[in-house]
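Input: a single structure, listed below in structure tokens.
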Amino acid sequence: MRKNIVAGNWKMNLSENDAVELAKEVAEIKVENAEIIIFPPAIFIPTISKLGLKLKIGAQNFYPKDKGAFTGEISITQLKDAGVSYVLVGHSERRTILKEDNEFLKDKVNAALEHDVKVVFCCGEELTIREKGTENEFVKSQLVESVFHLNADQLKNVTIAYEPIWAIGTGLTASKEQAEAMHLFIRETIANHYNQEVANSVSILYGGSCNPSNAKELFACPNVDGGLIGGAALKSADFSSIASSF
Ligand code: PGA
């Protein structure tokens with residue numbers, strides 16, 4: 001069966017001291033029915049990792065080459081050395097601000113899986129696409145172009161995060177009906193491309209202004225297996241309350 005996951009995407013926030021404190025507090029959160037992952041700024045990963053805390057550490061970004069002349073970039077193997085077991089791929093901020101396209105994201109998915117690092121693959125539509133009613137086709141194309149080249153075995157190491165761009169950091173949240181409809185669509189799309197058993201084993205997280213007051217109803221949706229949390233992951237009390245919402 002697929003697992004519940006609550007992941008905190010800290011983005012480009014926090015000082016080293018604050019990051020260490022937050023990591024320690026998150027490691028104290030006791031939940032039995034969900035895995036907790038934190039995605040700190042890369043520069044703090046070695047320090048947090050050396051604390052030996054009981055939580056999974058992920059990286060927000062990496063470059064999909066093993067080594068070489070890529071000034072300023074970090075490879076998957078370097079992140080693995082630092083204690084990373086998950087990476088985010090396809091976050092809308094990287095798609096929009098850093099211009100990462102589906103083809104490049106496919107390379108990132110491949111590079112991570114080649115080195116046994118699990119992928120949280122983000123997808124989701126802008127408001128204009130939802131207003132046109134073409135969000136399903138749009139999200140499907142993101143999956144087809146960056147993920148569906150994988151075989152069923154490889155897909156086991158991929159978690160999908162549906163993050164409607166209009167809900168990220170805006171305080172607007174998808175309603176539980178909107179979230180469930182898209183999560184169900186994603187699962188059906190995986191079932192059509194692979195099979196139902198594979199689709200049932202993939203965790204699909206919701207992201208976009210998920211907070212302590214809406215997490216319960218979102219996580220109660222049959223096809224929502226947890227959340228990718230931004231702003232509310234920066235306060236351990238809020239994150240703890242979200243992680244306890246199953
Ligand atoms: P948010 O961010 O919870 O602050 O909306 C979610 C994300 O970007 O992963």
Side-chain angles (χ1 to χ4, degrees), residues 4-14 18-19 22-23 26 29 34-42 44-45 55-62 84 86-100 105 108-109 112 118-127 129-130 135 138-139 142-143 146-147 158-176 178-179 182-183 186 203-219 221 224-246:
N4 296 326
I5 297 175
V6 178
N9 174 12
W10 296 358
K11 308 192 180 184
M12 199 176 73
N13 292 302
L14 305 172
D18 291 346
L22 182 57
V26 171
I29 299 172
E35 176 164 277
I36 293 187
I37 314 167
I38 56 167
F39 290 89
F44 304 143
I45 289 174
L55 43 72
K56 303 272 185 217
I57 301 174
Q60 298 172 23
N61 184 41
F62 62 99
V84 159
Y86 278 91
V87 282
L88 283 183
V89 175
H91 192 281
S92 63
E93 284 147 23
R94 297 208 61 86
R95 290 177 187 266
T96 319
I97 307 168
L98 282 306
K99 310 279 179 257
E100 296 189 0
L105 297 175
K108 291 180 89 169
V109 168
K118 294 187 164 71
V119 170
V120 176
F121 181 82
C122 308
C123 54
E125 79 287 354
E126 287 164 18
L127 189 57
I129 291 175
R130 181 158 282 267
E135 64 272 15
F138 183 80
V139 168
Q142 291 181 318
L143 295 172
S146 304
V147 177
V158 177
T159 295
I160 308 291
Y162 169 58
E163 300 205 298
I165 298 176
W166 46 272
I168 296 180
T170 56
L172 288 175
T173 319
S175 66
K176 59 181 193 305
Q178 286 171 320
M182 179 57 86
H183 283 231
I186 291 172
S203 300
I204 307 176
L205 315 183
Y206 170 79
S209 300
C210 188
N211 61 46
S213 39
N214 58 28
K216 251 199 175 68
E217 62 171 21
L218 287 164
F219 295 179
C221 299
V224 176
D225 307 309
L228 178 56
I229 321 299
L234 296 172
K235 290 197 190 111
S236 60
D238 287 353
F239 191 64
S240 171
S241 152
I242 294 169
S244 315
S245 295
F246 290 99

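Whatever order the structure lists them in is the order used to number ligands and atoms, beginning at 1.
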Judged on heavy-atom distance to atom 9 (O) of ligand 1, which of E93, E163, K11, Q60 sits nearest? E163

Quick check on contacts: which atoms of ligand 1 are under 4.0 angstrom from a heavy atom of [X]?
X    : value
H91  : 7 (C), 8 (O), 9 (O)
I168 : 2 (O), 5 (O), 8 (O)
L228 : 6 (C), 9 (O)
N9   : 9 (O)
G208 : 5 (O)
G231 : 1 (P), 3 (O), 4 (O)

Using only heavy-atom distances, determine whether the side chains of Q178 and Y206 contain a donor-acceptor pair under 3.5 Å.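 Short answer, no.
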
Applying a heavy-atom cut-off of 4.0 Å, say which part of A167 lies close to ligand 1: side chain, backbone, both or neither.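 Only the backbone of A167 comes within reach of ligand 1.
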
Not counting sequence neighbours, which residues clear salt bridge (charged side-chain N to carboxylate O under 4.0 Å, His left out) with E125? List them please.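 Only R130 meet the salt bridge (charged side-chain N to carboxylate O under 4.0 Å, His left out) criterion with E125.
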
Looking at ligand 1, is there an atom of it that comes within less than 4.0 Å of some heavy atom belonging to S209?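 So S209 counts as touching ligand 1.
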
Has G169 got any heavy atom lying under 4.0 angstrom from an atom of ligand 1?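 Checking ligand 1 against G169, which is what was asked, there is a heavy-atom contact under 4.0 Å.
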
Considering only residues two or more places apart or on different chains, which pairs with a residue in residues 227-238 satisfy salt bridge (Lys or Arg N to Asp or Glu O under 4.0 Å)?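 The answer is none; no pair qualifies.
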
